[in-house]
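For reference, the structure is listed below as structure tokens.
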Amino acid sequence: MSKVFGSSRRLAIGLTALVAFVVAAFAAGQGLADGPRQDDVVQIRFGGDAQRTRVVVELTRSASARIEQGEAPPELSVLLPGVNAGEGLSGPGAGLVRSYEMSARSNGARLRLNLTRSAEVSRRFLLPPGDGVRVYRYVIDLAAPGAAPRDEARAAPPPVTERQRPQPPSRQIIVIDAGHGGTDPGALGANHHERELTLAAALELRRQLEATGRYRVVMTRSTDVLVPHARRVAIARDAGADLFISLHADSSQNPATRGASVYTLSDRGADRAARQALGGGPYGGIDLPAGDPAVRRVLLDLTQRATMNRSSVFAGSLLNQLGTEAPLLQRSHRDENLAVLLAPDVPAVLLEMGFITNSEDAEFMGNQDGRRRLMGAVVRAIDAYFQPGPTAIGAALP
């Protein structure tokens, strides 16, 4: 019996080693920058050519980044605050990147990109998990000086005369929801009620969005009044909103807890919204054909899934921008069954701007400069979400 057990154990160990070797060889053949698969950094991937190169940093958590010139140009450093790089990663790159090194820093991680020539960052954005991808992807697009835009290969249109000049595209509709209000004060801090902070932030966000000339803004409330949750959702749907943003301030029994976070709708919330829509409740009104209930549910599910994916994409863009202005909670992207997120056909997020129970967060949210910076980050995220081209909402990545 002991001989049989020993042989089986040796066979299992040999098979384990063989599987590990095959996985490593396959990864090397796919051009993956492999290393210890632990902590926050999963892997780093590259795609493109000597004119344009895409760098994809796969992470187990949401993150923001700061780009700096490296110590020995041509080199770029990507600083990722709060990211744990573990034992680090390094290896060869591709295209404009000769090699890379990911290492741990005292306050996060640093990715050093050793370039083949000088290059500039043409675009960067964060993609959250979705559509079968289980990781966050921080994407950095590099371009060599003078590189042609991606769509320049298309023939240039003839000059447009005054008679031919096209009309400007219609503006996207943004619905801003100031949380709580009236007889519902929300959370209470040392110097503020949540209803006051959310209204002040909503008015500042409206001011900045309207100043761009690119958006039409609808408010669920612009004064200190109570608006029922179902009415807030109805306002967004009646307006044909392209995006719904609900502003709130978090609270905690621990006054040291601070940081912004973003909620999107959970699967449980999606089921709740579906029951309402199919039953003619306050979140109904979806244009579904009469007939087989199973077909109606499938069509509704498709609508909801597309909406939830767009909400998650915007949430990633929003956290990416907020992280440059204020601290984020460690688990900054969460999902929940929240009433204001229930519209099946309107991408929606709930932004917790910070903790009203934390003195630093409360002061930042409560002063004009802090609100200006926070809402400026929201505007930048909205711009990134609506910018032309598939990469704004998640193109195929290398």
Side-chain angles (χ1 to χ4, degrees), residues 169-182 184 186 194-195 197-249 262-265 269-270 273 276-277 281-287 303-304 306-319 321-322 335-336 338-353 371 374-387 392-393:
S170 59
R171 295 176 294 171
Q172 278 90 9
I173 300 170
I174 312 298
V175 173
I176 305 172
D177 174 48
H180 306 282
D184 176 12
E194 183 179 1
R195 69 183 182 192
L197 294 180
T198 60
L199 180 57
L203 294 172
E204 172 63 19
L205 179 56
R206 179 177 69 178
R207 183 191 69 80
Q208 292 194 34
L209 284 172
E210 289 180 342
T212 69
R214 293 188 290 272
Y215 306 103
R216 184 163 74 85
V217 178
V218 175
M219 305 280 284
T220 60
R221 70 179 183 98
S222 54
T223 59
D224 187 18
V225 296
L226 177 63
V227 180
H229 289 150
R231 178 59 188 152
R232 296 171 192 248
V233 177
I235 289 171
R237 299 199 62 238
D238 291 346
D242 297 293
L243 191 61
F244 176 92
I245 304 171
S246 187
L247 300 175
H248 287 258
V262 175
Y263 284 91
T264 51
L265 188 65
Q276 291 278 1
Y283 309 113
I286 306 298
D287 185 15
T303 299
Q304 282 187 303
T307 300
M308 292 171 71
N309 284 343
R310 290 196 294 270
S311 300
S312 292
V313 168
F314 176 67
S317 176
L318 182 55
L319 287 169
Q321 295 297 335
L322 287 170
D335 56 14
E336 190 55 78
L338 299 173
V340 293
L341 304 180
L342 287 177
D345 52 351
V346 179
V349 301
L350 185 148
L351 167 60
E352 297 279 9
M353 301 178 290
R371 284 194 298 272
L374 277 174
M375 295 305 102
V378 177
V379 172
R380 293 195 300 273
I382 293 172
D383 285 343
Y385 176 76
F386 286 116
Q387 70 181 0
I393 55 173

Looking at every non-hydrogen atom in both residues, tell me the closest pair between L197 and M353 and how far apart they are. O-CE, 4.1 Å
Is there a side-chain contact between H229 and L342 in this structure, where contact means two heavy atoms from C-beta onward sitting under 4.5 Å apart? no
Check whether R221 reaches the backbone of H180 with its side chain - one donor and one acceptor, N or O, closer than 3.5 Å. yes
Residues I174 and L209: closest non-hydrogen pair is CG2-CD1, 4.0 Å
Between L265, T307, V313, which is the residue that forms a side chain to side chain contact (heavy atoms under 4.5 Å, CB included) with P347? T307
Counting only N and O atoms by type, is there a donor-acceptor contact under 3.5 Å from the side chain of D242 to the main-chain atoms of I173? yes
Run the side-chain contact (heavy atoms from CB on, under 4.5 Å) test against A377 and tell me which residues pass, sequence neighbours left out. Q321, L322, E325, R380
Atom pair CZ (R207) and CE (M375), whose distance is rounded to the nearest 0.5 Å: 11.5 Å
So, taking the atom named CG in L351 and the one named OG1 in T198, what distance separates them when rounded to the nearest 0.5 Å? 11.0 Å
Pairwise distance OH(Y263) to CG(L338) - rounded to 0.5 angstrom: 7.0 Å
I'd like to check the side chain to side chain donor-acceptor pair (under 3.5 Å) partners of D383; sequence neighbours left out, ordered by chain and number. R214, Y215
Please step through side chain to side chain contact (heavy atoms under 4.5 Å, CB included) for the pair T264 and R310, ending with a clear verdict. CA-CA 10 Å; T264 51; R310 290 196 294 270; over 6 Å; no
Check S317 against A384 and note the closest heavy-atom contact, atom names and distance. OG-CB, 3.7 Å
Mind checking the CG-CG spacing from L374 to L247? Nearest 0.5 Å is all I need. 9.5 Å
R237/D345 salt bridge by N-O under 4.0 Å criterion: yes
When you measure from the side chain of D224 to the backbone N and O of G181, does any donor-acceptor pair fall under 3.5 Å? no
Evaluate the side-chain proximity of I245 to I176: yes if any heavy-atom separation is below 4.5 Å, no if none is. no
pair L203-M219: side-chain heavy atoms closer than 4.5 Å: yes
Do R171 and T212 get their side chains close enough for a donor-acceptor pair, meaning under 3.5 Å? no
Would you say the side chain of V378 lies within less than 4.5 Å of the side chain of L318, judging by non-hydrogen atoms? yes
What residues form a side-chain contact (heavy atoms from CB on, under 4.5 Å) with S246, not counting sequence neighbours? D177, F244, H248, V340, L350
Is it the case that the side chain of S311 and the backbone of A348 share a donor-acceptor pair, with hydrogens and angles ignored and the cut-off at 3.5 Å? yes
So which atom in R206 and which in S222 form the shortest heavy-atom distance, rounded to 0.1 Å? NH1-CB, 4.3 Å
Rounded at 0.5 Å granularity, tell me how far OH in Y385 sits from CG in L243. 6.0 Å
